[in-house]
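All values reported here derive from a predicted model rather than from experimental measurement.
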Amino acid sequence: HVRGYSSFSHYILDLESDITGRLERELVNILTTNHTFFMREFEHFEYMKNVVLPQLKIKEARKKDLCIWCGASSTGQEPYMLAMLLKDFFCLEHDKWDTKVLATDISTEALQHAVTGIYEKEQIECLPEHWKRRFIHSIGDGTRYEIDKEIKNAIVGYNLHEHPDITNIPGKSFLII
């Protein structure tokens, strides 16, 4: 009844006939959970840093191209962590490597939040101190923080609901999904 529909059938009829896709986007945004946080399942990131990335660094040494696809990126915490991890891992060699993180989601609202890269103080507290000093800065009164531009620039955001075919990203193959 939020939009004034008297029945589910009437809503479905409007949904199916909406050529703009607006109702479908709204439905997707309502149905998706978007549950994520920084340092979620950090053991996976540790494994990537200690096992996967050293192997890929050797394997891709000639091309120096490393692209990661982070599906279900939600509000951006995981893709930003991946970008920080890559920057941290490659350290002084990072500028010699083409590293990108493709952040996809079906929720337009979640991706719009991710693009801002702005998080509450409580959301970033669990990040390693050296990442907070290096990749995040306080904005305003110190209750909100923003991801630095260098990390934001390492993220390519993509809405899978509006553009389900990611094969048109030129020259990129994903070594980690």
Side-chain angles (χ1 to χ4, degrees), residues 32 34-121 123-139 144-177:
T32 52
N34 303 322
H35 178 71
T36 190
F37 49 91
F38 285 109
M39 305 307 283
R40 181 175 159 213
E41 301 182 40
F42 190 69
E43 303 80 26
H44 297 174
F45 289 90
E46 283 291 307
Y47 183 80
M48 184 179 297
K49 180 179 91 176
N50 296 326
V51 178
V52 176
L53 289 178
Q55 291 175 11
L56 287 176
K57 185 177 179 183
I58 294 167
K59 181 178 182 261
E60 298 298 315
R62 197 173 54 75
K63 291 193 299 185
K64 294 192 178 346
D65 187 22
L66 180 59
C67 194
I68 298 173
W69 177 12
C70 182
S73 293
S74 190
T75 52
Q77 289 90 329
E78 288 183 30
Y80 285 130
M81 279 184 57
L82 285 167
M84 291 179 214
L85 181 69
L86 289 170
K87 189 84 172 166
D88 207 26
F89 175 79
F90 284 106
C91 200
L92 298 175
E93 294 179 66
H94 191 265
D95 290 342
K96 297 174 185 165
W97 283 77
D98 183 11
T99 60
K100 290 286 181 205
V101 177
L102 174 64
T104 60
D105 204 279
I106 60 171
S107 171
T108 54
E109 289 178 5
L111 280 177
Q112 285 169 354
H113 182 271
V115 168
T116 69
I118 297 174
Y119 299 95
E120 301 298 319
K121 182 178 182 179
Q123 293 176 289
I124 66 147
E125 284 178 343
C126 58
L127 285 171
E129 286 301 320
H130 70 284
W131 281 9
K132 287 192 277 190
R133 284 190 306 274
R134 189 171 171 202
F135 303 127
I136 298 173
H137 62 272
S138 173
I139 56 174
R144 296 173 34 161
Y145 291 79
E146 184 173 16
I147 304 294
D148 284 343
K149 191 174 183 174
E150 70 174 322
I151 297 300
K152 282 185 180 181
N153 289 340
I155 307 293
V156 177
Y158 205 75
N159 183 299
L160 283 178
H161 179 69
E162 294 176 1
H163 309 284
D165 182 11
I166 64 160
T167 58
N168 62 357
I169 298 173
K172 291 293 173 191
S173 60
F174 302 102
L175 298 174
I176 301 173
I177 298 176

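- Within the cation-pi definition used here (under 6.0 Å to the ring centroid, within 45° of the axis), Lys87 does not qualify as a partner of Phe135.
- Between Ile147 atom CD1 and Met81 atom CE the span is 10.5 Å, to the nearest 0.5 Å.
- Atom CD1 of Ile139 and atom CD1 of Ile118 lie 4.0 Å apart (nearest 0.5 Å).
- Electrostatic pairing of Glu146 and Lys152 counts as a salt bridge here, judged by a charged N lying under 4.0 Å from a carboxylate O.
- Here the closest non-hydrogen pair linking Tyr119 and Thr75 is OH-O, 2.5 Å.
- When all heavy atoms are compared, the tightest approach of Ala103 to Leu111 is O-CD2, 4.0 Å.
- From Leu56, atom CG reaches atom CD1 of Ile68 across 8.0 Å, with rounding to the nearest 0.5 Å.
- No side-chain heavy atom of Trp97 sits less than 4.5 Å from a side-chain heavy atom of Leu86.
- When side chains are defined from C-beta on, Leu82 counts as touching Phe45, because their heavy atoms get closer than 4.5 Å.
- Separating the CD atom in Glu150 from the CE atom in Met84 is a distance of 10.0 Å, to the nearest 0.5 Å.
- When all heavy atoms are compared, the tightest approach of Ala83 to Ile151 is CB-CG2, 3.8 Å.
- With hydrogens and angles ignored, the 3.5 Å screen pairs no side-chain donor or acceptor of Lys49 with any backbone N or O of Pro54.
- Ion pairing of Glu60 with Lys63 is present here, as a side-chain N (NZ or NE/NH1/NH2) and a carboxylate O approach within less than 4.0 Å.
- The backbone N or O of Ala114 lies less than 3.5 Å from a partner atom in the side chain of Tyr80, making a donor-acceptor pair.
- Residues Lys132 and Tyr145 have side chains not in contact (no heavy-atom distance under 4.5 Å, counting atoms from C-beta outward).
- Formation of a donor-acceptor pair under 3.5 Å by the Asp105 side chain with backbone atoms of Ser107 is found in this model.
- Note that CD of Gln77 and CD1 of Ile124 are 11.5 Å apart. Values are rounded to the nearest 0.5 Å.
- Between Arg144 and Lys121, every side-chain heavy-atom pair lies at or beyond the 4.5 Å cut-off.
- In plain terms, the two heavy atoms of His137 and Asp148 that are nearest each other are ND1-OD1, 2.6 Å.
- A salt bridge links Arg134 with Asp88: at least one charged nitrogen is closer than 4.0 Å to a carboxylate oxygen.
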Practice prompt. Show your reasoning for whether side-chain contact (heavy atoms from CB on, under 4.5 Å) applies to Ile136 and Trp131.
Written response: CA-CA 7 Å; Ile136 298 173; Trp131 281 9; 5.9 Å; no
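- Between Lys57 atom NZ and Lys64 atom NZ the span is 8.0 Å, to the nearest 0.5 Å.
- Put simply, the side chain of Leu53 reaches to within 4.5 Å of the side chain of Leu66, judged on heavy atoms.
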